[in-house]
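Written out below as structure tokens is the structure these notes cover.
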Amino acid sequence: MNTKFLDLLAQKYDSEEKVVTEIINLEAILNLPKGTEHFVSDLHGEYQAFQHVLRNGSGKVREKIEDIYKKVLTEKEIKEFATLVYYPEEKIKLIKNEFDNEEELHQWYTVIIERMIKLISYASSKYTRSKLRKALPSQFVYIIEELLYKTDEFTNFKEPYYSKIVQQIISLGQADKLIIGLAYTTQRLVVDHLHVVGDIYDRGPEPDKIMEALINYHSVDIQWGNHDVLWIGAFAGSKVCLANIIRICARYNNLDIIEDVYGINLRPLLNLAEKYYKDNPSFRPKIQPDETISDEEKLQITKIHQAIAMIQFKLESPIIKRRPNFNMSERLLLEKIDYEKNEITIQGKTYEIENPCFATINPEKPDQLLTEEEEVMDKLLFSVQHSEKLARHMNFLMKKGSLYLKYNGNLLLHGCIPLDEDGNMEKMVIEDKAYAGRELLDVFEQYLRYSFAHPEKTDDLATDMVWYLWTGEYSSLFGKRAMTTFERYFIKDKATHKEIKNPYYYLREKEETCRQILEEFDLDPDQGHIINGHTPVKEINGENPIKANGKLIVIDGGFSKAYQSTTGIAGYTLLYNSFGMQLVAHKHFNSKEDVLQNGTDVLSVKRLVDKELERKKVLETNVGEELLKEISILNSLMEYRYMK
Ligand SMILES: O=P(O)(O)OC[C@H]1O[C@](O)(COP(=O)(O)O)[C@@H](O)[C@@H]1O
Ligand SMILES: [Mn+2]
């Protein structure tokens, strides 16, 4: 091994004892049970439901509480305690109102602190002390460790010492803070690592809050979804991606994400919209039953929605023309319209255009942007690329994200591996070279990263490729023949709205297909699973999220409220701990208030996917692999420096 490197390392481990201690520490970690992985997907801006799932660890918190307290506490007490762990600040406030005097409150504090300490001690039993220490609220580390490691066996006399500590905390007015800290520590301990299998953005109202939660989360990775790359594309300079994100926000009545959250000025777009558009039933925003909106506002959004949709359709055209390899010429729909007759001919069939809004279209050159439209897009792009908050969120998406991830033997990816009907990986030619399977995904990712690194380039291949990832036939994130956005706005016949899925989506039911894909990614097909999001699982129609004899799991149950009526549930999550894999189906999440008042938990039907024959250890994980490498380096250091 390079001696320079070892000399440098010796600066950190400057004594034999330090090296030995670290080796022993790492070896010990290798033999602990593997930490719990938590998989979620298709969050679609539904922050409230998402944060609940994070706080309750898809039921893990409650499970731990039941393990220790089922026999001693009533169902109501367990519920109350669980709610306290999920929402400590709010729950403490509510509980405080119930007490008539200080004494009762102090008694409650004493009991709860003890329960919390016991819970943490249990939840952390598979971690090292050093890991637990990192999870503790920093201002109370010393005190909590004292409380945690009391061993009554030999030191009976210590009991008064501990109750003294607790009483002191209470009388010094620190009990609330301590309980809150302990609650968050518990949440953190039940889940070791979070995977977000794509689609944080669009449709729901608070994707930014999800991003903030992820930024603050202790350990997370992201597999981009098609909606996430749309936002990345907009930030990276793709105007067509930008038009899409604004269109979707208008459609779901979420323009405040653009304006208020990310500080992007929509005034120029509004002016254009007011000038050229009027009310149009096809473009009215979708309003959730619990939302209120004035007629005036609704009309304004309807106009913006049309303005940006028409800009989007125009912007698609030059890309389709300059990228024949995208094979999208059938999507040049503006050219297929007879503007006099108000008809469109698609694949030989002519349809009437419903609710047209073509005031900015020059029938001779239908994809030509008006100067005003161009100016609007320039200003919007400038504004997007100068939004500090958006920059922070997009940088985080890039840092923690990838198109796919191999993790502990499993393959995580949002959409699909494009296949033909016989199950062969589809080839796509990019710059004269054909790519398929894993190579195709790798090259997609390279283009996306290049585009992000060059936001000043707006029509190069890399930038166009990000849009392709959103909507292209062989995009691993989309995986449908074409996106029929235009048809859904303008053609009544629902047959034209259908988006034909890549054969992957039925071939993945077969174990053989999934095994082949795992092999393509150098994963062991006997051990590994494919974990997908993207396509809502319609439990309502009896669809099973566990496919191919357990080799593939789809976890998009639809956090998205807009899709819950088609799925019948409110999302799946997956847990993978040392005992195996469990799929959790969540019921509809009402509100945080409902949980606080009534202890209603959205859970959950659990289904076992796979049971480990023997408890899985850290040694057998990705982290274990890294630790083994570290141990080997430390052994080299030991030999080089200290064993002469
Ligand atoms: O329901 P909406 O908002 O019209 O969106 C429909 C579009 O969203 C898509 O389903 C993509 O979004 P998902 O990744 O969430 O499925 C497209 O296939 C489809 O055209
Ligand atoms: Mn998706």
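Whatever order the structure lists them in is the order used to number ligands and atoms, beginning at 1.
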Regarding [X] and [Y], does a basic nitrogen lie under 4.0 Å from an acidic carboxylate oxygen?
| X | Y | result |
| --- | --- | --- |
| Glu373 | Lys314 | yes |
| Arg488 | Glu499 | yes |
| Glu445 | Arg449 | yes |
| Arg267 | Glu259 | no |

Which of the atoms in ligand 1, numbered in the order shown and given with their element, are less than 4.0 Å from a heavy-atom of [X]?
| X | result |
| --- | --- |
| His44 | 15 (O) |
| His227 | 11 (C), 12 (O), 13 (P), 14 (O), 15 (O) |
| Arg251 | 2 (P), 3 (O), 4 (O) |
| Tyr252 | 1 (O), 2 (P), 3 (O) |
| Phe478 | 18 (O) |
| Asn226 | 11 (C), 12 (O), 13 (P), 14 (O) |
| Lys480 | 10 (O), 18 (O) |

In terms of the angle between their ring planes, are [X] and [Y] parallel, tilted or perpendicular, with boundaries placed at 30° and 60°?
| X | Y | answer |
| --- | --- | --- |
| Trp470 | His227 | perpendicular |
| Phe358 | Phe486 | parallel |
| Tyr407 | His193 | parallel |

Side-chain donor-acceptor pair present, His534, Asp556, cut-off under 3.5 Å: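 Short answer, no.
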Flag for His44-Asp202: side-chain donor and acceptor within less than 3.5 Å: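 Note: Asp202 and His44 side chains miss the donor-acceptor criterion.
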Residue portion contacting ligand 1 (non-hydrogen atoms closer than 4.0 Å) for Ile248: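 Neither; no heavy atom under 4.0 Å.
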Tyr489 and its side chain to side chain donor-acceptor pair (under 3.5 Å) partner, picked from Arg247, Arg251, Gln306, Glu354: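 The residue from Arg247, Arg251, Gln306, Glu354 that satisfies side chain to side chain donor-acceptor pair (under 3.5 Å) with Tyr489 turns out to be Arg247.
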Passing option when Tyr404 is tested against Phe521, Trp224, Phe444 for ring-ring contact (aromatic ring centres under 6.0 Å, His included):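 Answer to the ring-ring contact (aromatic ring centres under 6.0 Å, His included) test with Tyr404 among Phe521, Trp224, Phe444: Phe521.
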Within-shell test, Arg488 vs ligand 1, heavy atom, strictly < 4.0 Å: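 Contact present.
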Heavy-atom nearest neighbour of atom 15 (O) of ligand 1 within options Arg203, His534, Met483: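 Selected option, by shortest heavy-atom distance: Arg203.
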Under 2.8 Å from the Mn ion (ligand 2) - protein N/O/S, by chain and number: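 Near the Mn ion (ligand 2), below 2.8 Å, one finds Asp199 OD2, Asn226 OD1, His414 NE2, His534 ND1.
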N or O pair under 3.5 Å between Asp199 and ligand 1: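 Indeed, backbone or side chain, Asp199 has an N or O that close.
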